[in-house]
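Small disclaimer: the values here were computed from a predicted structure and weren't measured.
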Amino acid sequence: MMDDGVSALRQRFRDDKAALMQRLADQGSSTRGIRKALSGLCRLTDQVLRELWQRAGFKATYSLVAVGGYGRGELFPYSDVDVLVLMPDGMKPEQDEPLKARLETFIGWCWDVGLEIGSSVRTVEECLNEAGKDVTVQTSLLEARLLRGNRPLFNRLVHELELAMDPKAFFVAKTLEMTQRHYKYDNTPYALEPNCKESPGGLRDLQVILWIAKAAGLGNSWDDLARKGLATPLEARQIKANEALLSQIRARLHLEARRREDRLVFDLQTAVAESFGYRAHTPPVEVPTGDGPNHAPTPSTAKGVRRASEVLMKRYYWAAKAVRQLNKILLMNIEERLADEEMVIDRRRPLNERFFDKGGMLEVAHDDLYVQQPHAILETFLIYQTTLGIKGLSARTLRALFNARPVMNAAFRADPANRAMFLRILKEPEGLTHALRLMNQTSVLGRYLWVFRNIVGQMQHDLFHVYTVDQHILMVVRNMRRFFIAEHSHEYPFCSQLAAGWDKPWQLYIAALFHDIAKGRGGDHSELGGQEVRVFCREHGIAKEDSQLIEFLVKEHLTMSHVAQKQDLSDPDVIAAFAKRVGTERRLTALYLLTVADIRGTSPKVWSGWKGRLLEDLYRYTLRVLGGQAVDPGAEIEARKREALSIMALHAMPHEAHKALWDTLDVGYFMRHQADEIAWHTRTLSKQIAQNGAVKAAAQRALPQDASGQPTAPEPCIVKARLAPGGEGMQVLVYALDQSDLFARICGYFDESDFSILDARVHTTRNGHALDSFQIIAPNLAEHYRELTTMVESRLAKTIDARGPLPQPTLGRVSRRVKSFPVTPRVVLRPDDKAQRWLLSISASDRNGLLYCVSRVLAQYEVSVELAKITTLGERAEDTFLISGPQLQVNKRQIEFETEMLKVLKG
């Protein structure tokens, strides 16, 4: 039972905390009161702990000490309250029953009142021993603050910790710890669900600076660091502003989640944004402003609507970016202060009259270099890019760039010398990726290329991009650059082969830099990007022919992927239309390289071997047309047949053993399968077809049937599986008597068995059989492929042979990300160019069982699937089917079909 005094204290604490939290919630987007609110919560907690300490009746020889973040004097709504019970030397609670009982009572009361207490009980000697072994404990004790009890004992702890502190060793330990933490969060502040405390650019990066400064005796606050010359007054103000914003976001996260939550997860982003007063809105025309979290630019068009969460996240990313810059500047300044000054001076090696090499770091000759000579700003990155041994910018250079932001104005951007320097950076044969990334980190790229500034920190709500727009663009430039580096030729040999024959790589780099630069404006970002890059080329004196190629690439950067993944590449008309749109072999090669680089730059999970093969097939087919060789299905088929026969000869197949199968296949089959697949299918099926008399059955077309038209003794189906030759997933071959629900039955099995379908090609032979091939993936496939192939071959065959009604689909769980960013279901049904078949395109939020639900509708309306291209983009499904069926020719039934399809897509 809780006594009345503790019960009353709990109620008072709850009421007072609720009032504080309400005032915090009422602040809107202002960050001015955040420090006061956090300090107020800390003081309220101090008061409660002191009362409980006194009520527990501890002797005056003990001390109650606040440590960690609580010791720092700030407390977030649901943060742990870390305390240390400091005992005189020689005390052992486990041997003192009254003390042990008192401690248990005190800690129990803390939880009863509502404090999430984190406690330790140690002597001064034990504290020193633990701090010597663990830098985390040492850091926690560094911020110790006495709450109640024996002050001389506490002062002794502080004094002993100061004597034991080695500032240089502590600096190394904390910076290594920070590096490891950054790697844990992918070394980027631009994660779609960042941790505002622990991610790069989060609050922890600011705390590291103050911990190290305090350990070195350089101060306890940002003003102290400014007075010591480690930070300028401007930097101190910027740090305070960004710290306040990050603190406000973290506090609002706690309030919205009603628990300790430091991640800006999708579920909470909108709620936190609305607590700041943000609402979905149409962005105004951008007006150039200063850097910092309160000055993030908005898109330069009035088209489109921006989400409230997008406004918040952009503000967060700008703050995190500034924190990373300032963290680096101040830590480098502290490191120099801790180092031997004479050694630092001796390491300076002049590069020219403006720059020095200072131990591998590029340093400006004087602090106001960029103000006095603005041309030196871009020269910085050219020297960094081209000088062997330079691995970064010194603190002095970073600070000079930070303070030179007002210089990078419209006149700076229009200066012909700066334009020539920027173009030179793009044309350098080495170091482009590193230079552009460093320019973005220091805000120079967005200030020189103003249109790029619009997309810094811009989220992408399609859920298959794992980067913000600026980071995606730089990733695409990096991918393009690697095609031209011999050391990376093993990654994408065909791309490297094409790049080796390209004479002007900078054309492709500019196209990559601009391909998504108009994202977030509303409208067609490809068209808008084309307009922007045309202006860029004109302003930078790029020749007309080069400019036209670059503009074409930006405008058409989505086209090749769309054709490869959505259309039937076995159709000569598709290839001819694409070839006409591309126009020349040079444009085709450039577009292919940009498409591969772009897909690879969206997410590590988006690129796949089968996508690569589709793109390469489209490239090769189109190249023949552009070379004056019309698409000749007959010649293509004969070439594939000869190659397949050569492969089969290696397996000692009997002469003409392939004829039993090939005589039942038409042009479509051979156009849609590669030679190695044809050979595998033929080796697998020829013997079984000969044995079960399929050829004879085809000739006679007289299998016994029942009243419903179904065979009374249907032949068993054949299912074979193997690892995909490209190493991605498994290929599954199904050969069975055709039936209207066969595709649905197969999809149902894969869904039930937790396989995901990447690609499906469905073919009906002349003898009434379905010859279907699927590419599937599954968890742990690489480790257990033998067991899984055996399981698929056995169980899928049984599923098909069992017949009977189709099982009901299971309701797939919708992921957390889909709930936050739902995809509006879309169904597009249109006839193909020859009006003989239909193209069905669907788009919806992905979930388990979605494809099975779609295939059930196809079966319900007796629709035959000839080709299925399954594309999963993050949490969005984008599937295309080539279908046929008599019911689609009836307008009423077609509308019913589309309505039913929309219904299942909505779930």
Centres of the His557 and His525 rings: under 6.0 Å? yes

Rounding to 0.5 Å, atoms OG1 (Thr664) and CG (Asn767) come to a distance of 5.0 Å

Would you indicate whether the side-chain heavy atoms of Leu645 and Met648 approach each other to under 4.5 Å?
-> yes

Query - Non-hydrogen side-chain atoms of Pro831 and Arg837 separated by less than 4.5 Å - result: no

Taking Thr790's backbone N and O only, do any of them form a donor-acceptor pair with Ser794's side chain (distance below 3.5 Å, no angle check)? no

Is a side-chain donor or acceptor of Arg482 paired with a backbone partner of His488 at a separation under 3.5 angstrom? no

Item to check | Check: Leu594 and Val476 side chains under 4.5 Å, non-hydrogen atoms | outcome: yes

Judged by modelled atom types alone, do Trp662 and Thr682 share a side-chain donor-acceptor pair under 3.5 Å?
-> yes

How about Arg581: does its CZ atom have over 12 heavy atoms from other parts shown lying under 6.0 Å from it?
-> no

- Is there a side-chain contact (heavy atoms from CB on, under 4.5 Å) between Asp846 and Leu850 once you walk through the steps? CA-CA 7 Å; Asp846 193 28; Leu850 177 64; 4.0 Å; yes

Between Leu553 and Leu591 the two heavy atoms that sit nearest each other are CD2-N, 3.5 Å

**Study point:** CA sep, side-chain torsions, deciding dist, call: Asp801, Cys717, side-chain contact (heavy atoms from CB on, under 4.5 Å)
**Key:** CA-CA 7 Å; Asp801 289 337; Cys717 69; 3.6 Å; yes

- Query: Side chains of Met730 and Thr789: does their closest heavy-atom pair fall under 4.5 Å?
  - Reply: yes

Taken to the nearest 0.5 Å, the spacing of Glu616 CD from Leu498 CG works out to 8.5 Å

Should the pair Arg640 and Phe670 be classed as cation-pi, given the thresholds of under 6.0 Å to the six-membered ring centre and 45° from the axis? no

OG1 (Thr765) and CG (Asp666) are apart, to the nearest 0.5 Å, by 9.0 Å

inquiry  = Is the distance between the ring centroids of Phe774 and Phe755 under 6.0 Å?
reply    = no

Correct closest heavy-atom pair for Val563 and Leu569 would be O-CD2, 3.8 Å

Tightest non-hydrogen contact, residues Ala644 and Ile678, listed as CB-CG2, 3.9 Å

Which of Tyr749, Phe750, Phe743 passes side chain to side chain contact (heavy atoms under 4.5 Å, CB included) with Ile746? It is Phe750

Centroid-centroid distance, Tyr621 to Phe578, less than 6.0 Å: no

task = Indicate yes or no: does Asp571 engage Arg672 in a salt bridge with an N to O separation below 4.0 Å.
result = no

| request: Could you go through the side-chain contact (heavy atoms from CB on, under 4.5 Å) check for Val596 and Leu615 one step at a time? | output: CA-CA 8 Å; Val596 175; Leu615 288 170; 4.2 Å; yes

Within the structure provided, determine whether Phe483 and Gln497 are in side-chain contact (heavy-atom separation under 4.5 Å). no

Closest non-hydrogen atoms of Ser855 and Ala744, given as atom of the first, atom of the second and distance, are OG-CA, 3.2 Å

Check: Got Asp879 and Leu840 here, is their nearest side-chain heavy-atom distance under 4.5 Å?
Finding: no

For a quick check under 3.5 Å, do Arg600 and Tyr492 share a side-chain donor-acceptor pair by atom type? yes

Ser526 side chain reached by Leu558 side chain, heavy atoms, under 4.5 Å:
yes

No-hydrogen, no-angle side-chain donor-acceptor test under 3.5 Å, Asp772 and His763
no

In terms of side-chain heavy atoms, does Gln860 have a donor or acceptor partner in Asp741 at a distance below 3.5 Å? no

Please verify the inter-ring angle class for His681 with Tyr669; under 30° counts as parallel, over 60° as perpendicular, anything in between as tilted. tilted

- Are a donor atom and an acceptor atom from the side chains of Glu862 and Ser740 found within less than 3.5 Å of each other? no

Can you check whether Arg893's main-chain N or O pairs, donor with acceptor, with Gln887's side chain at less than 3.5 Å?
no

Is the shortest heavy-atom distance from the side chain of Val719 to the side chain of Leu733 under 4.5 Å?
-> no

Note to self: Would Arg745 and Tyr852 count as a cation-pi pair here, with the cationic atom under 6.0 angstrom from the ring centre and within 45° of the axis?
What the structure shows: no

_Residue pair Leu665, Leu771: steps toward the side-chain contact (heavy atoms from CB on, under 4.5 Å) verdict_ = CA-CA 9 Å; Leu665 302 175; Leu771 198 165; 4.0 Å; yes

Mark yes when over 12 heavy atoms from residues, nucleotides or ligands other than Glu491 sit less than 6.0 Å from its CD; otherwise mark no. yes

Does atom CZ (Arg826) have a neighbourhood of more than 12 heavy atoms from anything else shown, all under 6.0 Å?
yes

Rounded to the nearest 0.5 angstrom, the CZ-OG distance for Phe881 and Ser864 is 13.5 Å

Notebook entry, point to check: Just by modelled atom types, is the Lys720 backbone N or O under 3.5 Å from a matching donor or acceptor in the Glu793 side chain?
Noted result: no

CD1 of Ile718 to NE2 of His769, rounded to nearest 0.5 Å, is 8.0 Å

For Leu549 and Ala590 the tightest heavy-atom approach is CD1-CB, 4.4 Å

Is the closest side-chain donor-acceptor distance between His515 and Asp598 under 3.5 Å? yes

**Message:** Do Gln731 and Glu677 pair up side chain to side chain, a donor and an acceptor below 3.5 Å, judged on atom types alone?
**Reply:** yes

* Asked: Do we get Arg722 above Trp680's six-membered ring, with its NZ or CZ under 6.0 Å from the centre and within 45° of the axis?
  -> yes

CG of Leu593 to SG of Cys495, rounded to nearest 0.5 Å, is 5.5 Å

Next on the checklist: Working note: Glu878 + Lys566, criterion salt bridge (charged side-chain N to carboxylate O under 4.0 Å, His left out); need CA distance, chi angles, decisive distance, verdict.
Outcome noted: CA-CA 9 Å; Glu878 290 274 3; Lys566 299 286 185 180; 3.3 Å; yes

Subject >> Test side chain to side chain donor-acceptor pair (under 3.5 Å) applied to Tyr619 and Thr589, step by step >> reply: CA-CA 8 Å; Tyr619 176 86; Thr589 298; 2.9 Å; yes

Could you list the donor-acceptor pairs under 3.5 angstrom formed by side chains in residues 900-907, with sequence neighbours left out?
none

In short, Ser686 meets Leu661 closest at the heavy-atom pair OG-CB, 4.4 Å

